[in-house]
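Everything numeric in this text was worked out from a predicted model, so none of it was measured. Chain identifiers are assigned alphabetically (A, B, ...) following the order of the sequence lines, protein sequences preceding nucleic acid strands; residue numbering begins at 1 within each chain.
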Amino acid sequence: MKMSGAEILIECLKKEGVKHVFGYPGGVVLNIFDVLYDEKDLELILTRHEQAAVHAADGYARVSGKVGVAIVTSGPGATNTVTGLATASMDSIPIVVFTGQVPTMLIGNDAFQEADIVGITRPCTKHNYLVKDVKDLAQTVREAFHIASTGRPGPVLIDLPKDVTSGMCDFVWPKEVNIRSYNPKYEGNKWQMKQAAEEIAKAKRPVIMAGGGVILSGASKELKELAELTKTPVTVTMMGLGGFPGTNNLSMGMLGMHGTYCANMAVQNADLIVGIGVRFDDRVTGRTADFAPKARIVHIDIDPTSIRKTTRVDVPVVGDIKQVLKEIIKNLKETKEQWGAVRKSWLKQVDTWKKERPLDYEHDDKIIKPQFVVEKIYELTNGEAVICTEVGQNQMWAAQFYKYDKPRTWLSSGGLGTMGYGFPAAIGAQFAMPKATVFDIAGDGSIQMNIQELATAVINKLPIKVAILNNRYLGMVRQWQELFFNERYSHTNLDVVPDFVKVAEAYGAVGLRATKPEEVEPVLREALKIKDRPVFMDFVVDWHEKVYPMVPAGAAIDEMIFGEKKEKKQKFDSSQIKIA
Amino acid sequence: MKHTISVLVENKFGVLSRVSGLFSGRGFNIESLSVGETIDPDISSMTIITHGDDLIIEQITKQLNKLIDVIKVTDLMEVEHVEREMVLVKIAPAKADRPDALRITEIFRGRIIDSGPKTFTIEITGDEKKISAFVEMMRPYNIKEFVRTGKVAIAREGVKK
Ligand SMILES: Cc1ncc(C[n+]2csc(CCOP(=O)(O)OP(=O)(O)O)c2C)c(N)n1
């Protein structure tokens, strides 16, 4: 039976199991939107900006583990997706974005609303396509979903000229995908896995450093088993939050620029780092020359290009983390090591670091400390919410003061650091998990980057709780100006911050405000009661507050600076710990 | 160190810019790049000459391998191989110099592929040394134009280094 390209597209999406698509219409995608008009099994969620549609698809993917989908028009619609694609690309999130394109005969003519989106997005997608013939459409969609979701996941873009969506052809759903040049490797090399196990078995001061790859590969259970079996303390990167339970006693929290004292000290004094699904980002390693100077490094990742990119690696293992960890655990179980005894003094040292300098802040009875808001959110949600964040101090406090026990409950733009990510991502997350309590922990600067999505959340009755840590500043940039630019606050003071309560109300959402510490809890309780619409909570916080500890750019990660009132602790000397 | 990398890719539009974009986007340097269809019209072969230490070359080959349209990447440094480049040189020698110019061309096994009242165009194929030597020899003969193809390379039969 002959079908139009637009019908074929929707049929393909249904075959891929897609239920929700985020998007925004325009001239060249009218054929597709027309088919969507009668569609019952697949819902298009209209955002108010294409960037938000892509972030929503991304949030949907992060929470559900499925491929997120967005459809937008050509030209400006397509170019508005670039930030979303780059965000997903840096964080390895599987999404497929469809852009409309002018009819094939007009391509290259500077036609109205034409953009070479395939050219523009080449560096920020895992792969992209321009479909020139409706006969190739089904095959292309099938390949795109396959590429997005396998190997190291990532965004794929398909550009659809108008005549391809109106063209007619028989619909044939390809049974399988076979791309001769694309064969991700899932199984690790046996010998390297054995070596990795040996390194872990014999190390005296090992640290597991787990990243977003653990979550993408669904390997949290294996990670926990490995850590507990070998009594190895675990630190996570920002992308790895939730990959290992934050409340587990082997957890040292996050490492890196705003990591915990304990995690950074442990890494710098370890004799073995087991990097699992991490990219060794510069925010994590600090000055690379001095990263983990005493350690051998085992690195497990599905993407060979991640290995040895920034740091030396002694034992590389390329493969799917879940499979590799299973094998390594099997190897380790065959040894007769008594890790409890071997690691005793190391774990004691780790504990000392934890106690010496836990994450903290000075509470105040008159003014709201932003960290206090995050702590209260943790308390009142029992740590069971899905937390999305914007970018800046809000993001770091959300990473530090909420404990993530489960994977896929922390959504934050790690690699690109995209302000405006959190709110649309929360919309995607709420669609993926209608019953979940979804928060966006936001800055007053960031929330204004996609504030228009209030409309999307109101229309769809999404009870998203947006906690704005309102410091009237682009706080994180201000922090750098304060510490490194002699307090010259060039353009970081947001003189005019809108009345967020009124903004929320103008869109038909609920607006609440807290200006004193004792109002924080009641406002949160009030917000948690609202089930049928979004809530903006304007927490007017202490604008002086900074994120600590902090590793200045270019320093080694144990060269942390702390809040003013605290004196520096002595440097740790690893030769002093006794190994049983 | 200089490396010659041979890349087999799907013969589709956009693949060349994916490959060159990978180099420019990551700050790798391309000295020369040449592409052409292989015996299988669905596959093209690229020869890329690039510079870098071991770590950079490792990244380059891994990143190339990661591109969806790339079928196979071979660093020819690891095997015995032969390289060739072709150059077209248009010279306008003084009348008295013509016989000399022609003789040198012959010595280098060059071919005259076009001639007119004032100029000769010479085609010359060979490895880098031969081509440089030839160009040096031609300098006195008033080089008007000069184009080179970039290198192509192929591994020798079954010889490992
Ligand atoms: C789209 C975008 N533009 C600029 C930046 C640079 N940047 C990083 S943090 C930050 C300040 C964020 O301010 P705000 O949202 O108010 O959060 P706060 O740090 O105050 O919590 C800026 C401007 C960015 N990350 N993303």
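- Between chain B and the residues A:S181, A:P184, A:G151, A:G119, the largest count of heavy-atom pairs under 4.5 Å involves A:S181.
- With salt bridges taken as basic N to acidic carboxylate O contacts below 4.0 Å, one links B:D100 and B:R103.
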Please lay out, stage by stage, how A:V96 and A:V67 fare under the test side-chain contact (heavy atoms from CB on, under 4.5 Å). CA-CA 7 Å; A:V96 175; A:V67 177; 3.7 Å; yes
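- In summary, A:R180 and B:E10 engage in a salt bridge, as defined by a charged side-chain N under 4.0 Å from a carboxylate O.
- Proximity to chain B (any heavy atom under 4.5 Å) is shown, for A:N128, by both the backbone and the side chain.
- Contact count versus chain B (heavy atoms, under 4.5 Å) is highest, among A:T305, A:I307, A:D303, A:I179, for A:T305.
- The contact between A:P304 and chain B is made by backbone and side chain atoms together, counting heavy-atom distances below 4.5 Å.
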side-chain contact (heavy atoms from CB on, under 4.5 Å) assessment of A:Y182 paired with A:K126: CA-CA 12 Å; A:Y182 176 69; A:K126 184 171 172 186; 2.8 Å; yes
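- Between A:K322 and A:D320 there is no salt bridge, since no side-chain N of the basic residue sits under 4.0 Å from a carboxylate O of the acidic one.
- Of the listed residues A:E143, A:R152, A:R308, the one with more heavy-atom pairs under 4.5 angstrom with chain B than any other is A:R308.
- Looking at B:L55, only its side chain comes within 4.5 Å of chain A, counting heavy atoms on both sides.
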